[in-house]
2 protein chains.
Amino acid sequence: MAIHRASISDLAAQLNLSVSTVSRALSDNSRISAETKKRVWDLARQLNYQPNQLAAALRNGRSNTLGVVVPHIDGHFFALVLKGIETIANQAGLNVMICQSNEDVNQEKKNIKTLLNAQVDGILVSLALSTRDFRHLDEVRDQGIPLVFFDRILEDPGVSAVVLNDYQGGYEATVHLIEQGCRRVAHLGGPQHINICKNRYQGYADALRDHGLVADPRLVHFSDLSMQDGCLGMEFLLGHDARVDGVFSCNDLALVGAMQVLKRSGRTIPHDVALAGFSNELFASLTEPMLTSVDQRCELMGQTAVQMLLEMVAKGAEHVPARQVVLQPELLIRGSSSRTPRETLSMAV
Amino acid sequence: MAIHRASISDLAAQLNLSVSTVSRALSDNSRISAETKKRVWDLARQLNYQPNQLAAALRNGRSNTLGVVVPHIDGHFFALVLKGIETIANQAGLNVMICQSNEDVNQEKKNIKTLLNAQVDGILVSLALSTRDFRHLDEVRDQGIPLVFFDRILEDPGVSAVVLNDYQGGYEATVHLIEQGCRRVAHLGGPQHINICKNRYQGYADALRDHGLVADPRLVHFSDLSMQDGCLGMEFLLGHDARVDGVFSCNDLALVGAMQVLKRSGRTIPHDVALAGFSNELFASLTEPMLTSVDQRCELMGQTAVQMLLEMVAKGAEHVPARQVVLQPELLIRGSSSRTPRETLSMAV
DNA sequence: TTCGTTTGTGCAAACGTTTGCACAACTATT
DNA sequence: AATAGTTGTGCAAACGTTTGCACAAACGAA
């Protein structure tokens, strides 16, 4: 029935007004008399008039849509960031298109292309682990589309970005392990060309140094941080030094793999080996014992990023100086690392 | 620099052709000579011409965008479904807008409104747990927008939908528990106005009946299936009958809560109580022991749903008879339920 | 009375496509 | 030689907005 959406010209015809007057009335233009506005609004409501966003977009050169590229949407972190993004964007009357790169540069390139084609007004990106070539992102800036990175960023003072203080997170987690009595703290690290992985590692390394511990390169293992990578990494680390008594992992998933290997080898946690991860994934509270983890400010990160983007969209990307916001992490101490005093003193199996 | 996107008329001007000829050449219209096509294509490539989707959308009355409403995007299930949706949609050259209802009807209404406003060509919906009023969905159909449900559907033969055979899943999981020797199998159920929860419960109940076991209503607890609900539910069940020796849960999350309560009460799993969940969440493989769970065919479900939607978009919603596709689940047996023969025979702690 | 100002409205172009129709230039058929 | 058909191209309208400009009416000031 109501297969035909009412348009501005329908309103105009019924009210014996011109299209332009109706348009101005709807946008509350000061040149239109109060009486006319009321007539227009009343009829609009009655006919359930909904503006045609596409037409407006074409005319204005703005689509009222933002694009987001994330490595994946499962996992606590990105899900919450996206929630933050959606909330603010919707408040501002903007739609959001979400694309997953599946941690693959090529998919990421396609995503960017898709979003540019859809003529989004701005793009938020968190880079795939495999991204080492950034030309597809240059294209975004060449087209004058506002671009804001979050979490996994392109490290370049010229870009706007929101990140967690990953260094601080790595530092605090490692210090915590040391305070729990660990002396041979290993690290499961991610690809070092990714800012977050590098910074977490750096925090770890500096924490060891600041506490007079040697940073043994053989106690560090880099991988892509899947659960299996965590298993293999832990086996590798134990192969070099069976006396590892603490592990700080760049993410929670790899840490779960590591925990399984440690348990299988007969070690108890946190007694023999204390563990701390990163991201505070949902499952970090489901393991036994629960994982100590660094909480990222997920929703806040999403909100902050989208706010920066909105400012750039409003003022034009070139009129907003690039800036980088750094959020402070929070270490959540749980069973995988908290040794009671007695445990700290007692000895191995 | 390249701040101005080349348009069809730019091409036309440079080639001394009319806009219409260029448009037809680009769409490979048979009326255009091979030579002209080549000239157009060459220049288009050279100028990096990208069609203005908004203009085309306005003219065609189709936005080339699909909308999806999901309860949330964290969790294995919806993440994978969305991946399936995105894959197929992108192959078909369509964009995807994803909205989260956060299990809230009101947010779901807003999402639908947003998508209708954005003039998507079709909508995929998985209902929020709290949705009991379906008027916002009627509006979609009134506007003639194709609509396909998946997983949590509106049970009405008039709508198209893709679901898992949840009944079968519940049945198989329960039978499995019975075969492991369980005689007092409890159930943690979800809201019964949601098809999936009702069907899983029904499968559970029928499995008990078919195996000559009494379905004690006090061994069933309904909730919204959060982890905390699982804890409370389990305490409730144990309060009624401390001899519960099996639990089939409508989802994995509540089951984790239940497992914690059981462990805390000194029971061992699967020895004293065998557990089976639903959804095969990522964390189902991270608990100790790992959770037996019913795998939903996530990606397949997304792909199937979007294919149905695409057909409706292509042919017009009213020209495609409503149909419901039922996918078969797969029971993944893991440690939380598999008692070795010896365990099955031996007695409690 | 004449001129400027304010107030409210309308005209028409523009955004970049797509497409029905017309038409010109050939080619083939009678 | 006249007619019909084919092939390649262009004109112009349409999709639903927004907005610069023009203009008419009403009013006040000189």
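So you know, we letter chains A, B, ... as the sequences are listed, proteins then strands, and number each from 1.
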> Does the B:D121 side chain pair with the main chain of B:N64, one donor and one acceptor, at a distance under 3.5 Å?
Replying inline: yes
Would you mind writing out the side-chain donor-acceptor pairs for residues 67-86 of chain B within the sub-3.5 Å range, not counting sequence neighbours?
residue	atom	partner	partner atom	Å
B:H72	ND1	B:D74	O	3.1
B:H72	ND1	B:D74	OD1	3.3
B:H76	ND1	B:N280	O	3.2

>> Categorize A:L54 for me: base, sugar-phosphate, or nothing, with a 4.0 angstrom heavy-atom threshold over every strand shown.
In response: nothing
> Base, sugar-phosphate, or nothing for A:N16, non-hydrogen atoms under 4.0 angstrom?
Replying inline: sugar-phosphate
Calculate the interatomic distance between [X] atom [atom1] and [N] atom [atom2]; express it in whole Å.
X     : N      : atom1 : atom2 : value
A:N29 : C:dT7  : CG    : P     : 13 Å
B:L58 : C:dA14 : CG    : P     : 17 Å
B:R39 : D:dG8  : CZ    : C1'   : 13 Å

>> Closer than 4.0 angstrom, basic N to acidic O: yes or no for A:D42 and A:R45?
In response: yes
> Is the shortest distance from a Lys or Arg side-chain nitrogen in A:R152 or A:E103 to a carboxylate oxygen in the other one below 4.0 Å?
Replying inline: yes
>> What's the angle between the local helix axes at either end of the helix from C:dT1-D:dA30 to C:dT30-D:dA1, using five pairs per end and rounding to 10 degrees?
In response: 70°
>> Which residues pass the side chain to side chain donor-acceptor pair (under 3.5 Å) test with B:Q307, not counting sequence neighbours?
In response: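 Partners of B:Q307 by the side chain to side chain donor-acceptor pair (under 3.5 Å) criterion come out as none, since no residue qualifies.
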>> Using the side chain to side chain donor-acceptor pair (under 3.5 Å) criterion, which residues pair with B:K315? Sequence neighbours excluded.
In response: B:E311
Indicate every side-chain donor-acceptor pair of residues 14-27 of chain B with a distance under 3.5 Å to a residue at least two apart or in another chain.
residue	atom	partner	partner atom	Å
B:S18	OG	B:S20	OG	3.0
B:S18	OG	B:T21	N	3.2
B:S18	OG	B:T21	OG1	3.0
B:S27	OG	B:S23	O	3.2
B:S27	OG	B:R24	O	3.2

>> Within this structure, what is the CG-CZ distance for the pair B:L54 and B:R59, rounded to the nearest 0.5 Å?
In response: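 Separation between the atoms: 16.0 Å.
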> With the sugar-phosphate defined as primed atoms, P, OP1 and OP2, and the base as all remaining atoms, what B/S/- string results for nucleotides 17-23 of chain D, 5' to 3', for protein heavy atoms under 4.0 Å?
Replying inline: BBBB---
